[in-house]
Amino acid sequence: MNQTVEPKILKGFRDSLPETETVRKQIIRKLEDTFTRFGFDPVDTPVLEYASVLLGKGSGETDKQIYRFRDNGDRDVAMRFDLTVPFARFTAAHRNEIPMPFRRYHIAKVWRGENTQKGRYREFVQCDFDIVGSDSVLNDLDILLLMRESFRVMGIEKITFHLSHRGIFNTFLEKEGIGNLSGDILRTVDKLGKIGEDEVGRLLTELTDAEKAEKVLSYIKTEETNEKTLEKLIRLCGGETEETKRLAFLLRKLDGAEDGARFILNPSITRGLDYYTGIVYETFLDDLPGIGSVCSGGRYDNLTSIYARERLPGVGSSIGLDRLMAALEELNMIPKRKTGTAALICFQDTGYLDSYLALTRDFRKAGIACELYPEAKKLPKQFSFAESKGIPFAVICGEEEFRNGTVTVKNLNRRKNYTGLSFGEAVNLIQQDEK
RNA sequence: GUGGGAGUAGUUCAAUGGCAGAGCGUCAGAUUGUGGUUCUGAUUGUUGCGGGUUCGAGCCCCGUCUCCCACCCCA
C-alpha cells in the first residue's frame, strides 16, 4: 500500500495552524465581547442556500463568483457569497420572531470563486454587524462607533475610516442631469485612490463631457477639513437637505477622536454594491492601505425587498478578518502566542504517576490550561517541547516537592525558577503572566 | 475570468544541458533535577505535477496545479 493521495488543497483555500488559529480565535473573542457590549446578538445561517435566494442580489459580476452546483437531490444550490443577503432572507423568514430594531452580528466564512491575491481568498471570514428596522441616524452613529471600538480592542489605532453619502452624491448627479449614469459614475469615482484624478477625469469625460467631468472631480475631492468638504457638498447639491443635515450630525458626533483612529469625509468612496442608499464607508490601515478596505458597509433602504413586502431599512458593516490578519502579519503585528496552553507539567518519575495526574487535574480545576508530558524523559527535552509549542510555564515536581507538598514553577521565557510555592501561589504566578 | 512573474531539503538560497549542494533548522551524544554557548556525529529531495526534445533535463519545449503582481471586482 504505497499509493497515497497528495494532501493538497484548493486555490484560495487555506489551512490554519495553531499559531494562526489561536490568534484568530482571540480576535474573534474580543470582537464578540465588543459586539455584545453594544447590544448586538449573534445569529447563524446555512452555508448552502437555494441558488435562487442568493443570485441576482449584487451586480452581475458577483453572480459569476458564486459557487453553485446541483446537490445530490438535484437541487440548484449555492454557497453564501456574503452574510448580508442570507441575513435578508433570514429576516424575512423570521420577521415575526424578531423585535425591531434588530441588532445582530454574524461571524462566519463566505466563499467567492474569484482570482486570488494577497489578502484575497476564495474562502474567508467576515464579521458583520447590522441594525435593521429603523431609519434613525443614531443607528448610523452606533455602527460607526462600534467600528472604531472594534479596531481599538484589536489593538489597531493607526486606521482611517473614510465615509461618504450615496444619497447626497445622487442628488448632486440629478442636479447635473446625469443621474441616469449614476451606476457607471459611482464605479469610476471609486477608483480615484487607485488610478488618480487625471485618469478618473478621462473616464468621466468619456461617460459624460468635459464640463460635467470637471464638476464630478470637484465633488469627489477631499478638502483639508471635514467641515470644508461638507460645505462644498452642500453647495454643489444646491443647498442643505435632510441627508446633508444627517451627515453633518454624524460628523459632529464623531469628532473628538480619543485615539489615532480618524473619520474622514471622502466623497470618492461609493461602494460597488448597488443596495446602498445612505452613508457608506471603507476602512484603511494607515501603514498598509494597498491591501484594500478591511471594514466596509453603509446604510440601505430596504434589506428584504426581494423576499418580503414590508420595507426594512438598515445600516451595517463588515470586517474582513482574513484580509486584516494578512495585513497584520505583513506589518509584524501578529502576537507571538502559539498556543492557549499555559503550563506543561513535567513528568520525571514514573513512580509518582498518580501525583502527576492529580496535579494536572487540580491545575485544570483552578482554570490553568495545562497538559502533562506523557513520558518521563529528560527535562531539557520537555522544556524544548514546551518552547516549540509556545507554552510559557513548566511545572517541575519530583520526590522533593511531593514530599513537602510544594510546587516548582519555571518561567520558560525568562528561564527563571520559582521554588517552594504552595499550589495556590503557583496558580497565581501562572495566571499573573497570562495577562 | 484576462495578462505577467515565480516554484529546488522543514526554511533561506546555490548548481554552464553532464554525480542535486550550502547555511540555518531538526535528531542523537558529550550532560540521569533545569534547555540560550561549545564540540562530535547523524538526518533531510518524486527539483510542484504530467508529458516532450536529448546520449543525458532542476535548467530547453508543451500542458497542468499553486503562490505573487496587474486588470476586474471586493473583505
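The figures here come from the full heavy-atom set of this structure, side chains too, leaving out hydrogens, waters and symmetry mates. Proteins get letters first, then strands, A, B, ... in listed order; numbering begins at 1 in each.
Contact annotation: side chain of Glu401(A) to base of G33(B), donor-acceptor pair present below 3.5 Å. Donor-acceptor pairing under 3.5 Å, judged by distance alone, is absent between the side chain of Glu282(A) and the base of A75(B). Residue-to-nucleotide contacts include no donor-acceptor pair under 3.5 Å from the side chain of Arg112(A) to the base of C74(B). Remark: the Lys378(A) side chain and the U32(B) base include no donor-acceptor N/O pair separated by less than 3.5 Å. One donor-acceptor pair, N or O on each side, does fall under 3.5 Å between the base of C74(B) and the side chain of Arg323(A).
Phe402(A) has its ring centre less than 6.0 Å from the ring centre of Tyr356(A). Aromatic rings of Phe423(A) and Phe363(A) (six-membered ring for Trp) have centroids within the 6.0 Å cut-off, being under it. Aromatic rings of Phe263(A) and Phe161(A) (six-membered ring for Trp) have centroids within the 6.0 Å cut-off, being under it. Aromatic ring centroids of His106(A) and Phe87(A) lie 6.0 Å or more apart. The six-membered or imidazole ring of Tyr105(A) lies near that of Phe35(A), with a centre-to-centre distance under 6.0 Å. Less than 6.0 angstrom separates the ring centroid of His94(A) from the ring centroid of Phe90(A).
Separation of the C1' atoms belonging to C13(B) and C55(B) is 32 Å when rounded to the nearest angstrom. Comparing the same atom, C1', in A15(B) and in A20(B) gives a spacing of 7 Å after rounding to whole Å. For the P atoms, the distance linking C60(B) with C73(B) amounts to 37 Å, nearest Å. The same atom, P, is picked in A75(B) and in A14(B); the two are 39 Å apart, to the nearest Å. Comparing the P positions of G45(B) and U8(B) gives an interatomic distance of 15 Å, to the nearest angstrom. The same atom, P, is picked in A6(B) and in C59(B); the two are 14 Å apart, to the nearest Å. Separating the P atom of U12(B) from that of G52(B) is a span of 32 Å, rounded to the nearest Å. U26(B) and G10(B) have their C1' atoms separated by 8 Å, given to the nearest Å.
Note on Gly292(A): nothing from the nucleic acid sits closer than 4.0 angstrom, heavy atoms only. Residue-level contact check: Gly113(A) touches neither bases nor backbone, having no heavy atom under 4.0 Å from any strand. Among the atoms of the strands shown, base atoms are found under 4.0 Å from some heavy atom of Asn417(A). Among the protein residues, Lys8(A) comes within range of no part of the nucleic acid, since none of its heavy atoms lies under 4.0 Å from any strand. Using a 4.0 Å heavy-atom criterion, one finds that Leu324(A) contacts no nucleic acid atom at all. Using a 4.0 Å heavy-atom criterion, one finds that Gly12(A) contacts the sugar-phosphate atoms exclusively. Counting non-hydrogen atoms under 4.0 angstrom, Cys346(A) reaches nothing in the nucleic acid. Contact annotation for Glu400(A): base contact, defined as any heavy-atom pair under 4.0 Å involving a base atom. Lys410(A) comes within 4.0 angstrom of a base, heavy atoms only.
For the pair Gln117(A) and A70(B), the criterion of a side-chain N or O lying under 4.0 Å from OP1 or OP2 is met. Using a 4.0 Å cut-off, some side-chain N or O of Lys191(A) falls inside it from OP1 or OP2 of C72(B). An OP1 or OP2 oxygen of C67(B) is reached within less than 4.0 angstrom by a side-chain nitrogen or oxygen of Thr116(A).
Without hydrogens or angle criteria, Ser218(A) side chain to Glu214(A) main chain gives no donor-acceptor distance under 3.5 Å.
Rounding to whole angstrom units, CZ of residue Phe383(A) and C1' of G33(B) are separated by 8 Å. The distance between atom CZ of Phe81(A) and atom C1' of A75(B), rounded to the nearest whole Å, is 10 Å. Summarising the geometry, the separation between CD on Glu19(A) and P on U11(B) is reported as 13 Å, rounded to the nearest angstrom. The CD1 atom of Ile66(A) sits 13 Å away from the P atom of A75(B) (whole-angstrom rounding). As a whole-Å value, the separation of Lys377(A) NZ from G29(B) C1' is 15 Å. Whole-Å rounding puts the Phe347(A) CZ to U32(B) P distance at 19 Å. Rounded to whole angstrom, the span from the CD1 atom of Ile396(A) across to the P atom of U34(B) amounts to 10 Å. In this structure, the CZ atom of Arg187(A) is 15 Å from the C1' atom of C71(B), given to the nearest Å.
Base pairing analysis places A9(B) opposite nothing; no Watson-Crick or G-U wobble pair with both distances below 3.5 Å involves it. The base-pairing partner of G41(B), taking Watson-Crick or G-U wobble contacts with both distances under 3.5 Å, is C27(B). Of all nucleotides present, only C71(B) satisfies the Watson-Crick or G-U wobble test against G1(B), with each distance under 3.5 Å. Across all strands shown, U53(B) has no partner, as no Watson-Crick or G-U wobble contact with both distances under 3.5 Å is found. For U47(B), there is no paired base (Watson-Crick or G-U wobble, both distances below 3.5 Å). Pair assignment for G36(B): none, as no Watson-Crick or G-U wobble contacts are both less than 3.5 Å. Both distances falling under 3.5 Å, in either a Watson-Crick or a G-U wobble arrangement, occur for no nucleotide opposite C19(B).
For Phe13(A), the CZ atom counts as densely surrounded, since its 6.0 Å shell holds more than 12 non-hydrogen atoms of other residues, nucleotides or ligands. At most 12 heavy atoms of other shown residues, nucleotides or ligands fall within 6.0 angstrom of atom NZ in Lys253(A). Within 6.0 Å of atom CZ in Arg70(A), more than 12 heavy atoms from other residues, nucleotides or ligands are found, so the atom counts as buried in its surroundings.
Looking at which nucleotide of RNA chain B each of Gln348(A) and Ile291(A) is closest to, the 5′-most match is held by Gln348(A). A residue-by-residue look at Gln126(A) and Phe13(A) shows that Phe13(A) has its nearest nucleotide of RNA chain B further toward the 5' end.
Closest to the side chain of Lys118(A), out of C73(B), G33(B), C68(B), is C68(B). Closest to the side chain of Lys11(A), out of C68(B), G35(B), U66(B), is U66(B). With A70(B), G33(B), C73(B) as the choices, the nucleotide that has an atom nearest any side-chain atom of Asn115(A) turns out to be A70(B).
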Do Arg166(A) and Thr277(A) pass the side-chain hydrogen bond (donor to acceptor under 3.5 Å, both in side chains) test, and can you show the C-alpha distance, the side-chain angles, and the key distance before you say yes or no?
CA-CA 5 Å; Arg166(A) 224 357 137 70; Thr277(A) 51; over 6 Å; no

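Using a 4.0 Å cut-off between a side-chain N of Lys or Arg and a carboxylate O of Asp or Glu, Arg80(A) and Glu49(A) do not qualify as a salt bridge.
Within residues 349-359 of chain A, no residue is approached by RNA chain B to less than 4.0 Å at the level of any non-hydrogen atom.
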